[in-house]
Amino acid sequence: MKQLFTFLVLTMQCVLAIAQSNAGKTVHSEVMAWSNITGVRMDGELIDFESALCVGVIGGNMERTGRERQRNVRYQRNGSTQIVDIPLHGAQFHQEVTDINDRQVKIRLSAEAVENLQEGAFFTMSFTPKYYADAKIKASGKKVVVTAKERNLNLAFNKKVTTTVRQENGNKVLYVTLMPTLKKGEKADLEMLLAVDGTRHDETAHIHLDLAKPGARFAGFGGNFRIQNPEKDPEVIDYCLKNMRVAMGRVEFPWASWDKGAKCDPQVNKSAMMAARLKRIGMPVVVSCWFPPQWALAPGQQRGPGGVAALRLDPSKQDRIYESMVSYLQFLRDDYGVEADYFSFNESDIGIDVLHTPQEHCEFIKSFGKVLADHHLPTKLLLGDNSDATTIDFIKPALEDKEARQYIGAVSFHSWRGCDDETLRRWRDAARSINVPLIVGEGSTDAAAWRYPAIFKESTFALYEINLYTRLCAICQPLSILQWQLTADYSLLQGNGILGDDGPLRPTQRFYNLQQLARTPADAFAFPLTVDKENVNTAAFYNIVRHEGALHIVNNGAACMAEITGLPTSLESAIVYVTNASQKAEETKVELSFGTAVINLPAESFVTLLF
C-alpha cells in the first residue's frame, strides 16, 4: 500500500513538474560582484565554469579578479545586464553580462591600460575536472568551442582573437587576449556571444531521515545588532524582529565610548537598549567589543582610518582594563536588567580590533574569566569568535588548557571564508571536545559585500548564502547562526534608501530564505539524513518532546521531485515553504503516508518541510 501511494503521487507530480519545466525554459548567468562568472544556469542546471579578468604573463605572475582581492569594485544591474567596473594593477576593466534568450549570454569587455607594462590583459575561463576532465577546447579565428560529456559551450567573438589553452592546478584554462602588453592610454574592446547546453539532472532526489540519532540542539536562527546607522537601523531591526523568530542576538560593547561616568553617551545607551530589547524577547545575548579606547592601548598603538586595526592592549593596565569591562557588564545588569550570556573581543585572531596571539587569547580567557566569576557575573567567554573558519588553530591553546575551559561558554567562528566540509567538522569537534555549544558568531558569505551592496538583491547571492547555512546546520550543528546583520548593514531588506533602492521598505529573497530557516522549531535537535543527489543540500531538525520538525532542502539544479522517508509514521500532512527568485516563502500542504512525503523541488530553490 505504501509503495502504491508513493508511486501514484510521484507519477502525478512528475508529470506536473515536467509540464512546468517545459512551459518556459530560461537561462541566466551567475556573476560575482568582482566580475567572475561562475557559470550559466539553463533551466536551473548550472553549466559551470569560472571566468576571471587578469593582468600579467601567461605561465608567470598574474593578478586575477577574485573575492576580496580588489578594492574599488563597482557592481550594478540594469535589467537583464550585470555590470562590473574593477581595477587591476596596470589596467581598468569594464564588463557587461547580458542574458539574451533561453541559451545565450552576451559578454562585453573593455580594458584600458593605466600603466606601461610588459604584461598583458586577459579574459580567462577555467574548467574543473568534474565535468571537463575529457573536454576538448577548439579555437579558430572568431570562435571557441568547448565540448564535454555533459557540457557544451560555444563562444562567438565580434573579431578574431588570440587564445591560449593551458592546464593549471588540475583545471583546463582558456586565455583570451585583450591586450598583449599594456601601453598607458591604450584601450581594447571585445564582445562575445556565449551559447550553452548540457545535461539537466532532473531525476528524483531520495532523502531519508534517521530520527533515532539526535545530535546537537539548535536554539534557532539569530542575528547581529551592532548599531551603525541610527537613521536606517531601527526600521530594519523592527521589521526583522516582527517578522522572523530570532533566537539569539549579538550586540556591541562600545568600549571606546565607555568608562565610568559615560552612562549618558548615546552610543552606550543605544547598545544597552538593544541588548535589553533582545533579552525581553527571551534571547541569549553575546556582548562583543570592536573598538578599544585609546587609554587601553599599548604605547605607540593608535587606531587608523579603515582596514584591520590589529591593536594591542597595554598589559601594564590589565587591572584597569578588566575593571572597565566589568563595570559595563554591571551597568547592563543594574541599569538595563541584562546579564550578558557571552563576551568576546571580535575577531582577535586578526585584530578587528583587539589583537591576540593564540596563547594570549587563552590567557585572556583564564584571567578575565576569573574576574567575571569573582564579581559574581554569569557571563562566559567565547572561545575564538574568529574572523573565519580557516584560523581554527587560534583556539588550540585554550582548548587544551583545563583552567581555561571552566570560563568558556561556547566556541565561535565567523563564516566568511574557508567553510569546506573538513574544516567545519573540525569546529564541530572542537566544541564537542569541551562539551560546549558551537555558535556561528557572524553568518554570511562575502565580507567585502558592503562595497557593492547591489549584490545583496541578487538571487545568486541568496542561493549561495542559504547553501552555506544549510551546510553549517548539517555539518557543524551550531546552537545558532548569527546573521551579519539584522540591521541596515548587509541588510535583508531594500528600500527607503537601503541597498541603493528608493522604493518602499520590503524584503529581499535573502530575507524570505532566512525567515524560512528561522521557522525551525525552537530547541530542536539536529538529526542525520542521507540524500542521493549531489546538488541537493539538506539539514534536518526535530523536537522530540513537542513532536515538531523541519527539513530544509536547497535544490541547486533543475526542477525535480524529492521522495522523503523516515518521517514520523503518525503524520498525515505537513507544510511546505518554497523561496526562489519568483516565490517568496510560498506555503502549500502535502499529504504523507507511512512516514513518506513526495514534494516538488523547483529549480534553484530553498524548500522547507515543517512536520
Side-chain angles (χ1 to χ4, degrees), residues 224 226 228 250-263 265 267-268 271-272 286-332 340 342-375 377 379-388 390-401 403-404 407-409 411-414 416 441-442 447:
N224 279 266
R226 179 178 150 199
Q228 295 176 267
R250 182 169 177 249
V251 299
E252 181 183 6
F253 164 33
W255 193 17
S257 302
W258 172 261
D259 204 359
K260 288 187 177 180
K263 292 185 178 183
D265 182 88
Q267 188 65 24
V268 167
S271 297
V286 180
V287 174
S288 293
C289 175
W290 277 261
F291 311 124
Q294 183 61 43
W295 64 259
L297 300 181
Q301 297 280 288
Q302 180 132 10
R303 188 170 191 275
V308 176
L311 299 173
R312 291 198 166 275
L313 301 180
D314 188 342
S316 70
K317 296 178 179 175
Q318 179 174 287
D319 290 345
R320 185 183 170 191
I321 286 169
Y322 288 176
E323 178 187 4
S324 178
M325 295 193 299
V326 164
S327 71
Y328 181 77
L329 295 174
Q330 291 172 326
F331 160 71
L332 276 183
Y342 306 100
F343 180 91
S344 73
F345 283 125
N346 176 72
E347 299 184 353
S348 59
D349 60 312
I350 60 172
I352 310 288
D353 284 42
V354 171
L355 179 67
H356 280 154
T357 65
Q359 190 58 47
E360 287 169 344
H361 182 59
C362 175
E363 295 304 319
F364 167 72
I365 287 173
K366 289 192 292 186
S367 57
F368 188 55
K370 184 177 186 306
V371 170
L372 291 172
D374 290 344
H375 283 81
L377 287 166
T379 307
K380 296 291 187 179
L381 280 302
L382 290 185
L383 172 57
D385 214 23
N386 286 23
S387 57
D388 57 48
T390 65
T391 57
I392 188 170
D393 289 342
F394 178 74
I395 70 173
K396 189 175 180 181
L399 201 65
E400 297 174 347
D401 192 305
E403 184 182 350
Y407 303 117
I408 297 170
V411 175
S412 173
F413 74 95
H414 301 172
W416 301 109
E442 290 181 10

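Basis for what follows: all heavy atoms, side chains included, without hydrogens, waters or symmetry-related copies. If you're wondering where the values come from, they're calculated on a predicted model, not measured in any experiment.
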Could you tell me whether the side chain of [X] and the main chain of [Y] form a donor-acceptor pair under 3.5 Å?
{"X": "Asn224", "Y": "Arg226", "answer": "no"}
{"X": "Asp353", "Y": "Phe291", "answer": "no"}
{"X": "Ser348", "Y": "Gly351", "answer": "no"}
{"X": "Glu360", "Y": "Thr357", "answer": "yes"}

Does any part of the side chain of [Y], heavy atoms only, come nearer than 4.5 Å to the side chain of [X], both counted from C-beta?
{"X": "Leu332", "Y": "Val287", "value": "yes"}
{"X": "Tyr322", "Y": "Ser367", "value": "yes"}
{"X": "Glu347", "Y": "Asn386", "value": "no"}
{"X": "Ile365", "Y": "Leu383", "value": "yes"}
{"X": "Ser271", "Y": "Val251", "value": "no"}
{"X": "Gln301", "Y": "Gln294", "value": "no"}
{"X": "Leu313", "Y": "Lys317", "value": "no"}

I need the [X] [atom1] to [Y] [atom2] distance, nearest 0.5 Å.
{"X": "Ser412", "Y": "Asp385", "atom1": "OG", "atom2": "CG", "answer": "4.0 Å"}
{"X": "Ser257", "Y": "Gln267", "atom1": "OG", "atom2": "CD", "answer": "6.0 Å"}
{"X": "Asp349", "Y": "Leu355", "atom1": "CG", "atom2": "CG", "answer": "8.5 Å"}

Could you please spell out the steps behind the side chain to side chain donor-acceptor pair (under 3.5 Å) verdict for Trp255 and Ser324?
CA-CA 8 Å; Trp255 193 17; Ser324 178; 3.0 Å; yes
On a heavy-atom basis, which atom in [X] and which in [Y] lie closest, and how many Å separate them?
{"X": "Leu311", "Y": "Pro292", "answer": "CD1-CG, 4.1 Å"}
{"X": "Gly369", "Y": "Leu381", "answer": "CA-CD2, 3.7 Å"}
{"X": "Leu297", "Y": "Asp314", "answer": "O-CB, 3.6 Å"}
{"X": "Arg250", "Y": "Ser344", "answer": "NH2-OG, 4.4 Å"}

Ring centroid separation Trp258 to Phe331 under 6.0 Å
yes
Ring centre gap for Phe368 and Tyr407 strictly below 6.0 Å:
no
Between Thr379 and Tyr342, is any side-chain donor less than 3.5 angstrom from a side-chain acceptor?
no
Side-chain donor-acceptor pair under 3.5 Å between Trp416 and Glu442, yes or no?
yes
What do the steps show when you test Asn346 against Ser288 for side chain to side chain donor-acceptor pair (under 3.5 Å), and what is the final call?
CA-CA 6 Å; Asn346 176 72; Ser288 293; 5.7 Å; no
Go through Val326 and Val371 one step at a time and tell me if the side chain to side chain contact (heavy atoms under 4.5 Å, CB included) criterion holds.
CA-CA 8 Å; Val326 164; Val371 170; 3.5 Å; yes
Verdict with reasoning, Gln330 to His375, per side chain to side chain donor-acceptor pair (under 3.5 Å):
CA-CA 9 Å; Gln330 291 172 326; His375 283 81; 4.7 Å; no
Considering only distance and modelled atom types, tabulate donor-acceptor pairs under 3.5 Å from the side chains of residues 392-401, sequence neighbours left out.
residue	atom	partner	partner atom	Å
Asp393	OD1	Arg426	NH2	3.0
Asp401	OD1	Glu403	N	2.9
Asp401	OD1	Ala404	N	3.1
Asp401	OD2	Lys366	NZ	3.1

Angle between ring planes, His356 versus Phe345, binned at 30° and 60°: parallel, tilted or perpendicular?
perpendicular
